[in-house]
K.L.:
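Structure provided below as C-alpha coordinates; questions to follow.
On a predicted model such as this, the values are computed, not experimentally measured, just so you know. Throughout, protein chains are lettered first and strands after them, A, B, ... in sequence-line order, and every chain is numbered starting at 1.
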Protein chains: 2
Amino acid sequence: MKMSHRSLPDKTIERLSQYRRNLLICLSQGKHHIFSHEIALIHHITPVQVRRDLMLIGYSGTLRKGYDVKELIDLIGLILDTEEGLKVAIVGIGNLGRSLIGYFSGKRSKLNIVAGFDNNPDKIGKIYAGVHCYSSERMQEIIVEEEISIAIITVPADNAAIVAERLVMAGIKGILNFSPKPLNVPPHVYLEEIDMITSLEKVAYYVKKQL
Amino acid sequence: MKMSHRSLPDKTIERLSQYRRNLLICLSQGKHHIFSHEIALIHHITPVQVRRDLMLIGYSGTLRKGYDVKELIDLIGLILDTEEGLKVAIVGIGNLGRSLIGYFSGKRSKLNIVAGFDNNPDKIGKIYAGVHCYSSERMQEIIVEEEISIAIITVPADNAAIVAERLVMAGIKGILNFSPKPLNVPPHVYLEEIDMITSLEKVAYYVKKQL
DNA sequence: ATAACATTGTGAAATACTTAACATCAAAAA
DNA sequence: TTTTTGATGTTAAGTATTTCACAATGTTAT
(Lines give C-alpha, C1' and ligand atoms only; values in the text may rest on other atoms or scores of the structure.)
Protein backbone atom coordinates (compact mmCIF):
# COMPACT_ATOMS: atom_id res chain seq x y z
CA MET A 1 0.00 0.00 0.00
CA LYS A 2 2.42 2.64 -1.18
CA MET A 3 1.68 6.34 -0.92
CA SER A 4 2.95 7.42 -4.28
CA HIS A 5 -0.04 9.34 -5.58
CA ARG A 6 1.64 12.64 -6.17
CA SER A 7 -1.19 13.86 -8.32
CA LEU A 8 -4.32 11.88 -8.96
CA PRO A 9 -6.52 12.63 -11.96
CA ASP A 10 -9.38 14.95 -11.23
CA LYS A 11 -11.91 12.38 -12.30
CA THR A 12 -10.38 9.78 -10.04
CA ILE A 13 -10.85 12.08 -7.06
CA GLU A 14 -14.52 12.44 -7.92
CA ARG A 15 -14.96 8.72 -8.20
CA LEU A 16 -13.12 8.00 -4.96
CA SER A 17 -15.60 10.21 -3.15
CA GLN A 18 -18.44 8.30 -4.77
CA TYR A 19 -16.90 4.89 -4.16
CA ARG A 20 -16.53 5.68 -0.50
CA ARG A 21 -20.14 6.66 -0.07
CA ASN A 22 -21.35 3.42 -1.52
CA LEU A 23 -18.72 1.34 0.23
CA LEU A 24 -20.00 2.70 3.52
CA ILE A 25 -23.44 1.46 2.56
CA CYS A 26 -22.00 -1.95 1.66
CA LEU A 27 -20.23 -2.11 4.99
CA SER A 28 -23.40 -1.22 6.87
CA GLN A 29 -25.04 -4.13 5.08
CA GLY A 30 -22.39 -6.48 6.35
CA LYS A 31 -20.52 -6.82 3.07
CA HIS A 32 -16.81 -7.00 3.84
CA HIS A 33 -15.32 -7.78 0.44
CA ILE A 34 -16.19 -6.41 -2.97
CA PHE A 35 -15.06 -7.06 -6.55
CA SER A 36 -14.16 -4.38 -9.05
CA HIS A 37 -17.10 -5.37 -11.20
CA GLU A 38 -19.49 -4.90 -8.29
CA ILE A 39 -18.21 -1.39 -7.64
CA ALA A 40 -18.36 -0.73 -11.36
CA LEU A 41 -21.98 -1.82 -11.57
CA ILE A 42 -23.06 0.56 -8.82
CA HIS A 43 -21.42 3.51 -10.57
CA HIS A 44 -22.15 2.56 -14.16
CA ILE A 45 -18.53 2.44 -15.16
CA THR A 46 -16.21 -0.36 -16.26
CA PRO A 47 -14.40 -2.67 -13.83
CA VAL A 48 -11.11 -1.63 -15.44
CA GLN A 49 -11.75 1.94 -14.47
CA VAL A 50 -12.29 0.92 -10.87
CA ARG A 51 -9.12 -1.16 -10.83
CA ARG A 52 -7.18 1.67 -12.43
CA ASP A 53 -8.40 4.13 -9.79
CA LEU A 54 -7.43 1.76 -7.00
CA MET A 55 -4.09 1.14 -8.63
CA LEU A 56 -3.49 4.88 -8.73
CA ILE A 57 -4.03 5.18 -5.01
CA GLY A 58 -1.78 2.21 -4.47
CA TYR A 59 -4.35 -0.21 -3.13
CA SER A 60 -4.16 -3.90 -3.83
CA GLY A 61 -7.03 -6.28 -3.48
CA THR A 62 -6.90 -9.97 -2.87
CA LEU A 63 -6.99 -12.12 -5.93
CA ARG A 64 -10.32 -13.92 -6.14
CA LYS A 65 -11.69 -12.25 -2.99
CA GLY A 66 -11.71 -8.70 -4.27
CA TYR A 67 -11.15 -5.63 -2.14
CA ASP A 68 -11.50 -5.28 1.60
CA VAL A 69 -14.29 -2.75 2.04
CA LYS A 70 -13.14 -1.41 5.37
CA GLU A 71 -9.52 -1.02 4.28
CA LEU A 72 -10.56 0.72 1.10
CA ILE A 73 -12.81 3.17 2.93
CA ASP A 74 -9.95 3.99 5.27
CA LEU A 75 -7.49 4.49 2.46
CA ILE A 76 -9.85 6.78 0.57
CA GLY A 77 -10.27 8.70 3.81
CA LEU A 78 -6.52 9.05 4.06
CA ILE A 79 -6.49 10.63 0.61
CA LEU A 80 -9.58 12.82 0.73
CA ASP A 81 -9.74 13.85 4.37
CA THR A 82 -7.42 15.75 6.61
CA GLU A 83 -6.83 14.27 10.00
CA GLU A 84 -8.42 17.09 11.95
CA GLY A 85 -11.12 17.79 9.37
CA LEU A 86 -11.85 21.07 7.64
CA LYS A 87 -14.40 23.69 8.57
CA VAL A 88 -16.93 24.94 6.07
CA ALA A 89 -18.99 28.11 5.93
CA ILE A 90 -22.05 28.63 3.81
CA VAL A 91 -22.85 32.08 2.47
CA GLY A 92 -26.50 32.62 1.62
CA ILE A 93 -29.11 30.88 3.76
CA GLY A 94 -31.85 30.74 1.14
CA ASN A 95 -33.56 27.58 -0.01
CA LEU A 96 -30.39 26.23 -1.58
CA GLY A 97 -28.27 27.07 1.42
CA ARG A 98 -30.67 25.39 3.82
CA SER A 99 -30.91 22.38 1.56
CA LEU A 100 -27.14 21.98 1.62
CA ILE A 101 -27.01 22.34 5.37
CA GLY A 102 -29.54 19.53 5.54
CA TYR A 103 -27.46 17.34 3.23
CA PHE A 104 -24.25 17.73 5.16
CA SER A 105 -25.31 18.08 8.77
CA GLY A 106 -23.99 15.16 10.71
CA LYS A 107 -23.07 13.08 7.68
CA ARG A 108 -19.38 13.59 6.95
CA SER A 109 -17.51 14.04 10.12
CA LYS A 110 -14.44 15.45 8.41
CA LEU A 111 -16.25 18.33 6.74
CA ASN A 112 -18.35 20.35 9.10
CA ILE A 113 -20.45 23.35 8.29
CA VAL A 114 -19.75 25.54 11.26
CA ALA A 115 -21.25 28.87 10.19
CA GLY A 116 -23.83 30.39 7.88
CA PHE A 117 -24.02 33.98 6.69
CA ASP A 118 -26.90 36.02 5.36
CA ASN A 119 -28.02 39.62 5.05
CA ASN A 120 -31.63 39.01 5.99
CA PRO A 121 -32.17 40.29 9.56
CA ASP A 122 -34.90 37.68 10.09
CA LYS A 123 -32.35 34.91 9.60
CA ILE A 124 -29.46 36.36 11.56
CA GLY A 125 -29.18 34.75 14.97
CA LYS A 126 -31.31 31.77 13.99
CA ILE A 127 -29.96 28.22 13.89
CA TYR A 128 -30.61 26.01 10.85
CA ALA A 129 -30.11 22.29 11.43
CA GLY A 130 -27.44 23.09 13.94
CA VAL A 131 -25.75 25.82 11.92
CA HIS A 132 -25.72 29.33 13.37
CA CYS A 133 -26.57 32.12 10.92
CA TYR A 134 -24.49 35.26 11.33
CA SER A 135 -24.67 38.66 9.68
CA SER A 136 -22.61 38.82 6.51
CA GLU A 137 -20.74 41.70 8.06
CA ARG A 138 -19.11 39.29 10.50
CA MET A 139 -17.91 36.97 7.75
CA GLN A 140 -14.26 37.96 7.80
CA GLU A 141 -14.07 37.98 11.58
CA ILE A 142 -15.64 34.55 12.06
CA ILE A 143 -13.77 32.85 9.23
CA VAL A 144 -10.45 33.92 10.72
CA GLU A 145 -11.48 33.18 14.28
CA GLU A 146 -12.89 29.72 13.55
CA GLU A 147 -10.19 28.86 11.01
CA ILE A 148 -12.75 28.08 8.33
CA SER A 149 -11.01 27.03 5.12
CA ILE A 150 -13.88 26.24 2.73
CA ALA A 151 -16.88 28.31 1.70
CA ILE A 152 -20.02 27.44 -0.20
CA ILE A 153 -21.57 30.34 -2.08
CA THR A 154 -25.33 30.16 -2.53
CA VAL A 155 -26.17 33.82 -2.88
CA PRO A 156 -27.91 35.37 -5.92
CA ALA A 157 -25.67 35.89 -8.95
CA ASP A 158 -25.29 39.64 -8.48
CA ASN A 159 -23.80 39.28 -5.01
CA ALA A 160 -21.53 36.34 -5.74
CA ALA A 161 -18.51 38.31 -6.97
CA ILE A 162 -18.32 40.58 -3.93
CA VAL A 163 -18.86 37.65 -1.58
CA ALA A 164 -16.04 35.73 -3.25
CA GLU A 165 -13.74 38.69 -2.95
CA ARG A 166 -14.41 39.01 0.76
CA LEU A 167 -13.96 35.27 1.27
CA VAL A 168 -10.59 35.40 -0.42
CA MET A 169 -9.57 38.35 1.71
CA ALA A 170 -10.60 36.41 4.81
CA GLY A 171 -8.18 33.66 3.80
CA ILE A 172 -10.57 31.02 2.48
CA LYS A 173 -8.69 28.22 0.66
CA GLY A 174 -11.47 26.65 -1.41
CA ILE A 175 -14.84 27.75 -2.75
CA LEU A 176 -17.81 25.77 -4.00
CA ASN A 177 -19.84 28.19 -6.07
CA PHE A 178 -23.48 27.61 -6.96
CA SER A 179 -24.08 31.00 -8.46
CA PRO A 180 -24.18 30.89 -12.26
CA LYS A 181 -21.71 33.75 -12.63
CA PRO A 182 -18.08 32.68 -13.14
CA LEU A 183 -16.00 33.97 -10.25
CA ASN A 184 -12.57 35.46 -10.23
CA VAL A 185 -10.29 34.12 -7.54
CA PRO A 186 -6.50 34.07 -7.19
CA PRO A 187 -4.76 30.83 -8.15
CA HIS A 188 -4.07 29.74 -4.59
CA VAL A 189 -7.81 29.45 -3.94
CA TYR A 190 -9.39 26.33 -5.40
CA LEU A 191 -12.69 27.04 -7.12
CA GLU A 192 -15.31 24.48 -8.02
CA GLU A 193 -18.43 25.64 -9.80
CA ILE A 194 -21.76 23.87 -9.98
CA ASP A 195 -23.83 25.37 -12.73
CA MET A 196 -27.33 23.98 -12.46
CA ILE A 197 -28.67 25.96 -15.38
CA THR A 198 -25.98 24.61 -17.70
CA SER A 199 -26.64 21.10 -16.45
CA LEU A 200 -30.32 21.40 -17.28
CA GLU A 201 -29.61 22.90 -20.69
CA LYS A 202 -27.25 20.04 -21.35
CA VAL A 203 -29.98 17.54 -20.56
CA ALA A 204 -32.26 19.44 -22.92
CA TYR A 205 -29.62 19.32 -25.68
CA TYR A 206 -29.24 15.56 -25.48
CA VAL A 207 -32.99 15.06 -25.27
CA LYS A 208 -33.37 17.19 -28.38
CA LYS A 209 -30.65 15.26 -30.17
CA GLN A 210 -32.32 11.96 -29.48
CA LEU A 211 -35.80 13.05 -30.60
CA MET B 1 -22.74 29.44 -41.18
CA LYS B 2 -22.91 25.76 -41.96
CA MET B 3 -24.85 23.30 -39.85
CA SER B 4 -22.37 20.47 -39.78
CA HIS B 5 -22.17 19.84 -36.06
CA ARG B 6 -23.24 16.25 -36.06
CA SER B 7 -21.84 15.71 -32.64
CA LEU B 8 -20.34 18.43 -30.52
CA PRO B 9 -18.04 17.62 -27.61
CA ASP B 10 -19.78 17.43 -24.30
CA LYS B 11 -17.63 20.16 -22.86
CA THR B 12 -18.42 22.43 -25.77
CA ILE B 13 -22.13 22.07 -25.05
CA GLU B 14 -21.54 23.13 -21.47
CA ARG B 15 -19.55 26.14 -22.53
CA LEU B 16 -22.08 27.19 -25.14
CA SER B 17 -24.72 27.36 -22.45
CA GLN B 18 -22.40 29.48 -20.36
CA TYR B 19 -21.34 31.70 -23.24
CA ARG B 20 -24.95 32.42 -24.04
CA ARG B 21 -25.81 33.51 -20.54
CA ASN B 22 -23.00 36.01 -20.48
CA LEU B 23 -23.56 37.14 -24.04
CA LEU B 24 -27.12 38.03 -23.07
CA ILE B 25 -25.71 40.20 -20.32
CA CYS B 26 -23.30 41.84 -22.81
CA LEU B 27 -26.15 42.52 -25.16
CA SER B 28 -28.24 44.07 -22.41
CA GLN B 29 -25.30 46.37 -21.73
CA GLY B 30 -25.30 47.51 -25.33
CA LYS B 31 -22.23 45.56 -26.39
CA HIS B 32 -22.81 44.29 -29.93
CA HIS B 33 -19.43 42.79 -30.80
CA ILE B 34 -17.07 40.72 -28.72
CA PHE B 35 -13.59 39.22 -29.18
CA SER B 36 -12.63 35.68 -28.36
CA HIS B 37 -10.29 36.92 -25.67
CA GLU B 38 -13.10 38.87 -24.01
CA ILE B 39 -15.31 35.79 -23.85
CA ALA B 40 -12.34 33.80 -22.63
CA LEU B 41 -11.65 36.25 -19.83
CA ILE B 42 -15.21 36.01 -18.51
CA HIS B 43 -15.05 32.24 -18.36
CA HIS B 44 -11.43 31.82 -17.32
CA ILE B 45 -10.48 29.82 -20.37
CA THR B 46 -8.19 30.48 -23.32
CA PRO B 47 -9.21 32.46 -26.40
CA VAL B 48 -8.28 29.47 -28.56
CA GLN B 49 -10.82 27.37 -26.75
CA VAL B 50 -13.51 29.91 -27.47
CA ARG B 51 -12.57 30.09 -31.14
CA ARG B 52 -12.46 26.32 -31.37
CA ASP B 53 -15.95 26.04 -29.87
CA LEU B 54 -17.31 28.60 -32.28
CA MET B 55 -15.54 26.88 -35.14
CA LEU B 56 -17.23 23.63 -34.14
CA ILE B 57 -20.66 25.18 -34.34
CA GLY B 58 -19.73 26.70 -37.67
CA TYR B 59 -19.79 30.32 -36.65
CA SER B 60 -17.43 32.85 -38.17
CA GLY B 61 -16.60 36.17 -36.67
CA THR B 62 -15.37 39.26 -38.40
CA LEU B 63 -11.66 39.72 -38.46
CA ARG B 64 -10.68 42.51 -36.14
CA LYS B 65 -14.27 43.19 -35.04
CA GLY B 66 -14.82 39.89 -33.31
CA TYR B 67 -18.16 38.10 -33.05
CA ASP B 68 -21.63 39.55 -33.44
CA VAL B 69 -23.21 39.05 -30.04
CA LYS B 70 -26.78 38.85 -31.25
CA GLU B 71 -26.00 36.39 -34.04
CA LEU B 72 -24.01 34.20 -31.71
CA ILE B 73 -26.78 34.07 -29.12
CA ASP B 74 -29.23 33.09 -31.83
CA LEU B 75 -26.97 30.38 -33.19
CA ILE B 76 -26.38 28.90 -29.75
CA GLY B 77 -30.15 28.93 -29.31
CA LEU B 78 -30.51 27.02 -32.54
CA ILE B 79 -28.22 24.34 -31.16
CA LEU B 80 -29.35 24.11 -27.56
CA ASP B 81 -33.04 24.88 -27.80
CA THR B 82 -35.91 23.20 -29.54
CA GLU B 83 -38.23 25.51 -31.41
CA GLU B 84 -41.26 24.79 -29.25
CA GLY B 85 -39.32 24.43 -26.02
CA LEU B 86 -39.31 21.48 -23.64
CA LYS B 87 -41.36 20.97 -20.53
CA VAL B 88 -39.72 20.14 -17.24
CA ALA B 89 -41.08 18.53 -14.08
CA ILE B 90 -39.47 18.67 -10.69
CA VAL B 91 -39.87 15.78 -8.30
CA GLY B 92 -39.37 16.69 -4.67
CA ILE B 93 -40.47 20.12 -3.50
CA GLY B 94 -38.11 20.43 -0.56
CA ASN B 95 -35.62 23.22 -0.08
CA LEU B 96 -33.59 22.19 -3.09
CA GLY B 97 -36.64 21.79 -5.30
CA ARG B 98 -38.00 25.19 -4.37
CA SER B 99 -34.60 26.74 -4.89
CA LEU B 100 -34.44 25.34 -8.41
CA ILE B 101 -37.94 26.54 -9.19
CA GLY B 102 -36.79 29.98 -8.11
CA TYR B 103 -33.73 29.80 -10.34
CA PHE B 104 -35.61 28.80 -13.46
CA SER B 105 -38.96 30.50 -13.13
CA GLY B 106 -39.35 32.98 -15.93
CA LYS B 107 -35.67 32.95 -16.93
CA ARG B 108 -35.24 30.54 -19.84
CA SER B 109 -38.24 30.66 -22.05
CA LYS B 110 -37.39 27.41 -23.83
CA LEU B 111 -37.25 25.30 -20.68
CA ASN B 112 -40.29 25.65 -18.49
CA ILE B 113 -40.96 23.92 -15.22
CA VAL B 114 -44.62 23.09 -15.59
CA ALA B 115 -45.22 20.72 -12.69
CA GLY B 116 -43.87 19.77 -9.29
CA PHE B 117 -44.48 16.53 -7.40
CA ASP B 118 -44.25 15.71 -3.73
CA ASN B 119 -45.64 13.26 -1.18
CA ASN B 120 -46.20 15.79 1.57
CA PRO B 121 -49.96 16.51 1.81
CA ASP B 122 -49.23 20.03 3.05
CA LYS B 123 -47.51 20.84 -0.23
CA ILE B 124 -49.91 19.16 -2.64
CA GLY B 125 -52.21 21.68 -4.26
CA LYS B 126 -49.96 24.61 -3.40
CA ILE B 127 -48.22 26.75 -6.00
CA TYR B 128 -44.51 27.55 -5.68
CA ALA B 129 -43.30 30.48 -7.76
CA GLY B 130 -45.88 29.64 -10.36
CA VAL B 131 -45.34 25.89 -10.30
CA HIS B 132 -48.25 23.70 -9.20
CA CYS B 133 -47.36 20.89 -6.79
CA TYR B 134 -49.18 17.63 -7.45
CA SER B 135 -49.29 14.36 -5.55
CA SER B 136 -46.54 11.99 -6.63
CA GLU B 137 -49.23 9.49 -7.46
CA ARG B 138 -50.28 11.63 -10.41
CA MET B 139 -46.76 11.79 -11.83
CA GLN B 140 -47.25 9.36 -14.68
CA GLU B 141 -50.62 10.80 -15.65
CA ILE B 142 -49.47 14.42 -15.75
CA ILE B 143 -46.18 13.74 -17.50
CA VAL B 144 -47.97 11.98 -20.32
CA GLU B 145 -50.79 14.50 -20.49
CA GLU B 146 -48.55 17.57 -20.47
CA GLU B 147 -45.90 15.97 -22.68
CA ILE B 148 -43.16 16.65 -20.15
CA SER B 149 -39.83 15.37 -21.43
CA ILE B 150 -37.36 16.34 -18.70
CA ALA B 151 -37.41 15.69 -14.97
CA ILE B 152 -35.34 17.04 -12.12
CA ILE B 153 -35.01 14.70 -9.16
CA THR B 154 -34.53 16.39 -5.79
CA VAL B 155 -35.93 13.74 -3.48
CA PRO B 156 -33.95 12.09 -0.66
CA ALA B 157 -31.49 9.42 -1.77
CA ASP B 158 -33.61 6.50 -0.70
CA ASN B 159 -36.53 7.48 -2.90
CA ALA B 160 -34.53 8.45 -5.96
CA ALA B 161 -34.34 5.00 -7.56
CA ILE B 162 -38.07 4.36 -7.47
CA VAL B 163 -38.81 7.89 -8.69
CA ALA B 164 -36.43 7.41 -11.62
CA GLU B 165 -38.06 4.14 -12.52
CA ARG B 166 -41.49 5.71 -12.59
CA LEU B 167 -40.23 8.66 -14.63
CA VAL B 168 -38.77 6.32 -17.20
CA MET B 169 -42.02 4.39 -17.36
CA ALA B 170 -43.88 7.64 -17.91
CA GLY B 171 -41.71 8.31 -20.96
CA ILE B 172 -39.33 10.94 -19.63
CA LYS B 173 -36.40 11.54 -22.03
CA GLY B 174 -33.87 13.22 -19.78
CA ILE B 175 -33.20 13.37 -16.06
CA LEU B 176 -31.19 15.79 -13.96
CA ASN B 177 -30.48 13.97 -10.71
CA PHE B 178 -29.45 15.74 -7.53
CA SER B 179 -29.66 12.73 -5.28
CA PRO B 180 -26.25 11.33 -4.42
CA LYS B 181 -27.25 7.78 -5.36
CA PRO B 182 -26.27 6.74 -8.90
CA LEU B 183 -29.42 5.96 -10.86
CA ASN B 184 -30.10 3.19 -13.29
CA VAL B 185 -31.86 4.29 -16.45
CA PRO B 186 -32.12 2.73 -19.91
CA PRO B 187 -29.77 4.09 -22.56
CA HIS B 188 -32.43 6.08 -24.39
CA VAL B 189 -32.90 8.28 -21.33
CA TYR B 190 -30.17 10.87 -20.89
CA LEU B 191 -28.99 11.14 -17.31
CA GLU B 192 -27.03 14.01 -15.83
CA GLU B 193 -25.98 13.81 -12.21
CA ILE B 194 -25.02 16.66 -9.92
CA ASP B 195 -23.29 15.33 -6.88
CA MET B 196 -22.90 18.13 -4.41
CA ILE B 197 -21.22 16.02 -1.78
CA THR B 198 -18.55 14.88 -4.20
CA SER B 199 -18.03 18.47 -5.32
CA LEU B 200 -17.46 19.58 -1.76
CA GLU B 201 -15.12 16.69 -1.03
CA LYS B 202 -13.20 17.58 -4.15
CA VAL B 203 -12.74 21.13 -2.93
CA ALA B 204 -11.54 19.71 0.38
CA TYR B 205 -9.05 17.47 -1.40
CA TYR B 206 -7.49 20.32 -3.32
CA VAL B 207 -7.44 22.54 -0.25
CA LYS B 208 -5.67 19.77 1.63
CA LYS B 209 -3.16 19.30 -1.17
CA GLN B 210 -2.28 22.96 -1.18
CA LEU B 211 -1.78 23.24 2.57
C1' DA C 1 0.38 52.72 -51.22
C1' DT C 2 2.77 50.15 -47.92
C1' DA C 3 3.88 48.34 -43.56
C1' DA C 4 2.63 47.02 -39.07
C1' DC C 5 -0.78 45.13 -36.39
C1' DA C 6 -4.44 42.46 -34.23
C1' DT C 7 -7.53 39.09 -34.73
C1' DT C 8 -9.68 34.93 -36.70
C1' DG C 9 -9.56 29.93 -38.16
C1' DT C 10 -7.35 25.57 -38.06
C1' DG C 11 -3.93 21.54 -38.67
C1' DA C 12 -1.00 19.35 -35.70
C1' DA C 13 0.93 18.43 -31.15
C1' DA C 14 0.17 17.76 -26.44
C1' DT C 15 -2.38 16.39 -22.55
C1' DA C 16 -5.95 13.96 -20.00
C1' DC C 17 -8.73 10.19 -19.52
C1' DT C 18 -10.68 5.54 -20.71
C1' DT C 19 -10.56 1.02 -22.50
C1' DA C 20 -8.44 -3.21 -24.46
C1' DA C 21 -5.48 -6.88 -23.92
C1' DC C 22 -3.15 -9.84 -21.39
C1' DA C 23 0.28 -11.64 -17.87
C1' DT C 24 -0.17 -13.26 -13.31
C1' DC C 25 -1.67 -15.82 -9.68
C1' DA C 26 -4.54 -17.91 -5.84
C1' DA C 27 -8.51 -20.80 -5.21
C1' DA C 28 -11.50 -24.41 -6.73
C1' DA C 29 -12.21 -28.40 -9.41
C1' DA C 30 -10.81 -32.52 -11.45
C1' DT D 1 -1.29 -33.04 -8.11
C1' DT D 2 -2.57 -30.86 -12.11
C1' DT D 3 -5.83 -28.17 -14.60
C1' DT D 4 -9.21 -24.81 -14.92
C1' DT D 5 -11.20 -20.71 -13.46
C1' DG D 6 -11.88 -16.00 -12.34
C1' DA D 7 -10.10 -12.40 -10.34
C1' DT D 8 -6.34 -8.55 -10.08
C1' DG D 9 -2.66 -5.24 -11.87
C1' DT D 10 -0.63 -2.97 -15.67
C1' DT D 11 1.23 -1.82 -20.27
C1' DA D 12 -0.19 -0.19 -24.38
C1' DA D 13 -3.67 1.52 -27.45
C1' DG D 14 -7.51 4.40 -28.16
C1' DT D 15 -10.50 8.58 -27.45
C1' DA D 16 -11.54 13.07 -25.97
C1' DT D 17 -10.18 17.55 -25.08
C1' DT D 18 -7.01 21.41 -24.92
C1' DT D 19 -3.30 24.06 -26.49
C1' DC D 20 0.38 25.45 -29.76
C1' DA D 21 1.80 27.54 -33.74
C1' DC D 22 0.98 29.90 -37.55
C1' DA D 23 -1.27 31.12 -42.06
C1' DA D 24 -4.68 34.26 -43.61
C1' DT D 25 -6.47 38.76 -43.78
C1' DG D 26 -8.96 43.09 -42.85
C1' DT D 27 -7.79 47.56 -40.38
C1' DT D 28 -5.05 51.19 -38.92
C1' DA D 29 -0.99 53.94 -39.07
C1' DT D 30 2.62 55.82 -41.69
K.L.:
Return the value, rounded to whole Å, for the distance between atom CD1 of A:I34 and atom P of D:dA7.
P.N.:
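Taking CD1 of A:I34 and P of D:dA7, I get 13 Å after rounding.
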K.L.:
Test of understanding: with salt bridge (charged side-chain N to carboxylate O under 4.0 Å, His left out), list the residues that count as partners of B:K208, not counting sequence neighbours.
P.N.:
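Once residues adjacent in sequence are excluded, B:K208 has no partner under the salt bridge (charged side-chain N to carboxylate O under 4.0 Å, His left out) criterion.
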K.L.:
Using a heavy-atom cut-off of 4.0 Å across all strands, would you classify A:T12 as base, sugar-phosphate, or nothing?
P.N.:
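A:T12: no heavy atom of the nucleic acid under 4.0 Å.
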K.L.:
A:P187: which residues meet the side-chain contact (heavy atoms from CB on, under 4.5 Å) condition with it, sequence neighbours left out?
P.N.:
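For A:P187 there are no side-chain contact (heavy atoms from CB on, under 4.5 Å) partners, ignoring immediate neighbours.
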K.L.:
Without decimals, in angstroms, what is the distance between A:F35 CZ and D:dT5 P?
P.N.:
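The answer, rounded to whole Å, is 17 Å.
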K.L.:
Going by the rule side-chain hydrogen bond (donor to acceptor under 3.5 Å, both in side chains), which residues pair with A:E38 if we only count those two or more places apart in sequence or in a different chain?
P.N.:
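For A:E38 the side-chain hydrogen bond (donor to acceptor under 3.5 Å, both in side chains) partners, ignoring immediate neighbours, are A:K31.
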K.L.:
Taking only residues two or more places apart in sequence or in another chain, which ones pass side-chain contact (heavy atoms from CB on, under 4.5 Å) with A:T62?
P.N.:
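In terms of side-chain contact (heavy atoms from CB on, under 4.5 Å), with neighbours along the sequence ignored, A:T62 is linked to A:K65.
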K.L.:
So, using side-chain contact (heavy atoms from CB on, under 4.5 Å) as the criterion, who are the partners of A:S99 when residues are at least two apart?
P.N.:
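Only A:Y103, B:N95, B:L96 meet the side-chain contact (heavy atoms from CB on, under 4.5 Å) criterion with A:S99.
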K.L.:
Check the distance between C:dT7's P and B:H33's NE2 and give it to me in whole angstrom.
P.N.:
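Distance check: B:H33 NE2 to C:dT7 P gives 14 Å.
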K.L.:
Could you work out, with side-chain contact (heavy atoms from CB on, under 4.5 Å) as the rule, every residue matching B:E137, not counting sequence neighbours?
P.N.:
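Here the qualifying residues are B:S135.
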K.L.:
OP1 or OP2 of C:dT18 less than 4.0 angstrom from a side-chain nitrogen or oxygen of A:R15, does that happen here?
P.N.:
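Yes, within the criterion.
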K.L.:
CG of A:L41 versus P of D:dA7: gap in Å, rounded?
P.N.:
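Rounding to the nearest Å, CG of A:L41 and P of D:dA7 are 13 Å apart.
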K.L.:
Kindly write out the residues that satisfy salt bridge (charged side-chain N to carboxylate O under 4.0 Å, His left out) with A:D68, not counting sequence neighbours, or none if the list is empty.
P.N.:
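Salt bridge (charged side-chain N to carboxylate O under 4.0 Å, His left out) list for A:D68, sorted by chain: empty.
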K.L.:
Figure out the CE/P separation between A:M55 and C:dC17, and round it to whole Å.
P.N.:
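One finds 14 Å between P of C:dC17 and CE of A:M55, rounded.
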K.L.:
For nucleotides 12-14 of chain D, list the nitrogen or oxygen atoms of the protein found under 3.5 Å from its nitrogen or oxygen atoms, one pair per line.
P.N.:
unit_1	atom_1	unit_2	atom_2	d
D:dA12	N6	A:R52	NH2	3.4

K.L.:
May I have the distance from A:E14 (atom CD) to C:dT18 (atom C1'), rounded to whole angstrom?
P.N.:
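Going from A:E14 (CD) to C:dT18 (C1'), I get 14 Å.
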K.L.:
Would you mind reading off the distance between B:D68 atom CG and C:dT8 atom C1', rounded to a whole angstrom?
P.N.:
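Going from CG in B:D68 over to C1' in C:dT8 covers 15 Å.
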K.L.:
To the nearest 0.5 Å, how far apart are CD1 in B:I79 and CG in B:L16?
P.N.:
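That separation rounds to 6.0 Å.
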K.L.:
Is B:R20 salt-bridged to B:D81, going by a charged N under 4.0 Å from an acidic O?
P.N.:
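The answer is yes: the pair qualifies as a salt bridge.
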K.L.:
Using only side-chain N and O atoms of A:S60, determine if any of them is under 4.0 Å from OP1 or OP2 of D:dG9.
P.N.:
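Answer yes for this pair, as a side-chain N or O of A:S60 is under 4.0 Å from OP1 or OP2.
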K.L.:
Of the residues in residues 42-49 of chain B, which ones touch DNA chain D at a heavy-atom distance under 4.0 Å?
P.N.:
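The stretch gives B:T46, B:V48, B:Q49 as the residues lying under 4.0 Å from the strand, ordered by number.
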K.L.:
Summarise protein proximity over nucleotides 23-30 of chain C in one line of letters, 5' to 3': B for base, S for sugar-phosphate only, - for none, counting protein heavy atoms closer than 4.0 Å.
P.N.:
--BB----
K.L.:
Output every pair passing ring pair (Phe, Tyr, Trp, His ring centres under 6.0 Å) with a member in residues 17-42 of chain A, not counting sequence neighbours, ordered by first then second residue.
P.N.:
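Non-adjacent pairs meeting ring pair (Phe, Tyr, Trp, His ring centres under 6.0 Å): A:Y19-A:H43, A:F35-A:H37.
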K.L.:
Rounding to an integer number of Å, can you tell me how far B:R51 CZ sits from C:dA6 P?
P.N.:
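Distance, rounded to whole Å: 14 Å.
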K.L.:
Show which side-chain atoms of residues 156-176 of chain A pair as donor or acceptor with protein atoms under 3.5 Å away, not counting sequence neighbours.
P.N.:
unit_1	atom_1	unit_2	atom_2	d
A:R166	NH2	A:S136	O	2.8
A:K173	NZ	A:G171	O	3.4

